[in-house]
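First comes the structure, then the notes that go with it.
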Amino acid sequence: MNTAAGPLIVQSDRTVLLEVAHPDAEDARHDLAVFAELERAPEHIHTYRITRLGLWNARAAGHTAENMLATLEKYSKFDIPQSVIVDIGETVGRYGRLVIERDDTGTLILRSTDAAVLSEIVRAKRIAPLLFLPDDQKGRGPAIDRYEIQAWARGQVKQELVKLGWPAEDLAGYTPGTPHEIALDEREWSLREYQNQAVSSFVDGGSGVVVLPCGAGKTLVGAGAMATVKTTTLILVTNTVSARQWRSELLRRTSLTEDEIGEYSGQVKEVKPVTIATYQILTAKRKGEYAHLALLNALDWGLVIYDEVHLLPAPVFKLTAELQARRRLGLTATLVREDGREGDVFSLIGPKRFDAPWKEIEAQGFISPASCFEVRIDLPQQERLEYAASADDERYRLAATAPAKLSVVKELVKKHEGERILVIGQYLDQIDMLAEALGAPKLTGSTPIEERERLYQEFRDGVTKILVVSKVANFSVDLPEATVAIQVSGSFGSRQEEAQRLGRLLRPKESGLPANFYTLVARDTVDQDFAQNRQRFLAEQGYSYTILDSDNLAA
DNA sequence: AACCGCGCAA
DNA sequence: GGTAGTGCGCGGTT
């Protein structure tokens, strides 16, 4: 019997309740995050779920079932249900029971020491056609211990195995790629300790994902990986702004020169030893066929880097299934998706090789401390009636764009007078309205590039203190001195959007001011439900939302 | 050949 | 169940 009154309650349905106010809550959260995912994060009790993917990621990172059970034991208020103990042991034990490797002739092999597992999976309809029985195994019946994998099916097999619940450990190695001399130019700076750790965990693991908070230098982890494996590299990015940023960062931080870095996009089609391409060029079709597949084999890439891997579009998963012989590094601040394809990231890019909780990087001073607030706003009677009478598909917009949010925005702006403030919204009408009411410039997708640059620059210089922005500002915008963000609306339940928006505030401030993130929510509407979901990722990282009433923002 | 505006896709 | 932003390719003009 565990008599210490810990902050956790482990339940037989694999959920874990965390008592937020408990003195050990943050330590428990830190250890629990290794293998469990935060499901709900209201004020007092947070609910985590122990998921298969969480357990396998932890296992791939070298944690054992015993470690994980020890975490639960240490912080649990009561005995851990027997079923959970057994379940964790069994699930963790499923990882690596199957191994993909090569035999002496280089043929891909799926091997297991457990014949029962092999015979189970080979009966699955979607896997059977990808495997075949080598001659020397024929007639061995239940003693079969390996199958050959069709060379092109390495990724597909891994994908299907994860779906079946038997993730394979891929030890079949990688093509070295064409060697290319790349070194970090560390005369005036050096990789931070966590960046070094991320690089070596990735290189040791072979392929996989590195998770670091916004502004913590993910590009440098990519550069570090390139400088370690020293091979021709294909870098895939979400947009051209980010392509240019990679390029200039690589020029500044590595031995690479202009001649060695190419851009492959809609506008420019260069193939150089280091090539930066957009995801979209890979998915672009001409006459029904992918038009730029040749890029994937244009050079013998030894490394493929996936920037913002949480945004990987569906067709790129498909292409990646066929790239399994090349080392793959995924980079992201928010390894969450709302489309349930985390399993595909796991099987096709690789397991999570490194992550640093945001609060740890904050404690080391590399990102700014931040406080999060949820401001609840009562709709006036008239609007409540209108809301109640509306169809489901109109409700979110009604609640999210409630005019009552304006006076709260004004109050918050006043409270933070003199600071650099971003007002972030999802609907263009709402943005127009806010910009006008605040007398502040607005920035949306239709703002021409030069004007965006000008507005961002004025904001950095402090000529402009308030900027009203749409989704354009979710990514790739560097506004170091912004200390306040007021989110008036956002896309439904997007966890990664919420995190990216807070991310805008996390550059350490010369002013020394802390960051404040406000999200405005219409009380008792779907707005409030979506807000709950949106907050989960940040809550998992240890950010707690203080709930304020719109009547009393000081509280 | 360079530059645009437009429709489409995911 | 939804809005907005993005990049690509095409077909137009200069």
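Reminder, nothing fancy here: chain letters follow the sequence lines and each chain counts from 1.
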What I want to find out is whether A/E342 reaches A/R337 closely enough, with some N-O distance under 4.0 Å, to be called a salt bridge.
no
Return the minimal non-hydrogen interatomic distance between A/Y543 and A/I367, and the atom names on each side.
OH-CD1, 4.1 Å
Just the rounded figure in Å: distance from C1' of C/dA4 to CZ of A/R452.
11 Å
Taking only the side-chain nitrogens and oxygens of A/S446, find out if one of them lies under 4.0 Å from OP1 or OP2 of C/dG5.
no
A/E498 and A/R501 ion-paired at < 4.0 Å:
no
C/dC10, OP1 or OP2 - any side-chain N/O from A/R286 closer than 4.0 Å?
yes
Check A/K415 against A/L553 and note the closest heavy-atom contact, atom names and distance.
NZ-O, 3.7 Å
Starting at CG of A/L398 and ending at P of C/dG2, how long is that distance when rounded to a whole Å?
14 Å
A/A284 side chain, from C-beta outward: closest of C/dG1, C/dG7, C/dG9
C/dG9
A/R247 and A/E258 ion-paired at < 4.0 Å:
yes
With sugar-phosphate meaning primed atoms plus P, OP1 and OP2, does A/F530 contact a base, only sugar-phosphate, or nothing at under 4.0 Å between heavy atoms?
base
May I have the distance from A/L236 (atom CG) to C/dG7 (atom P), rounded to whole angstrom?
15 Å
Do the rings of A/F492 and A/Y396 sit parallel, tilted or perpendicular, given the 30° and 60° boundaries?
tilted
Would you tell me if any nitrogen or oxygen in the side chain of A/H292 comes within less than 4.0 Å of OP1 or OP2 on C/dC8?
no
A/F492 CZ - C/dA4 C1' separation (whole Å)
11 Å
What is the distance, rounded to the nearest whole Å, between atom CZ of A/R397 and atom C1' of C/dA4?
10 Å
Look at A/R397 together with A/E394 and state whether they make a salt bridge at an N to O cut-off of under 4.0 Å.
no
Provide a list of protein-nucleic acid N or O atom pairs under 3.5 angstrom, restricted to nucleotides 1-10 of chain B.
none

Rounded to whole Å, how long is the line connecting atom CD of A/E394 with atom C1' of C/dG1?
12 Å
From C/dA4, C/dG7, C/dC8, nucleotide with atom closest to A/T240 side chain
C/dG7
Under 4.0 Å, heavy atoms only, any strand: does A/Y427 hit a base, just the sugar-phosphate, or nothing?
sugar-phosphate
Using a cut-off of 4.0 Å on non-hydrogen atoms, how would the nucleic acid contact of A/R337 be classed: base, sugar-phosphate, or nothing?
nothing
Could you check how far OH of A/Y264 sits from C1' of C/dC8, rounded to whole Å?
12 Å
Rounded off to whole Å, could you give me the CG-to-P distance for the A/L282 and C/dG9 pair?
11 Å
Is the shortest side-chain N/O distance from A/S491 to OP1 or OP2 of C/dG2 below 4.0 Å?
no
Could you tell me whether A/E37 and A/R536 make a salt bridge, using a distance below 4.0 angstrom between a side-chain N and a carboxylate O?
yes
Identify whether any heavy atom of A/S265 sits under 4.0 Å from a base atom; if not, whether one sits that close to sugar-phosphate; answer base, sugar-phosphate or nothing.
sugar-phosphate
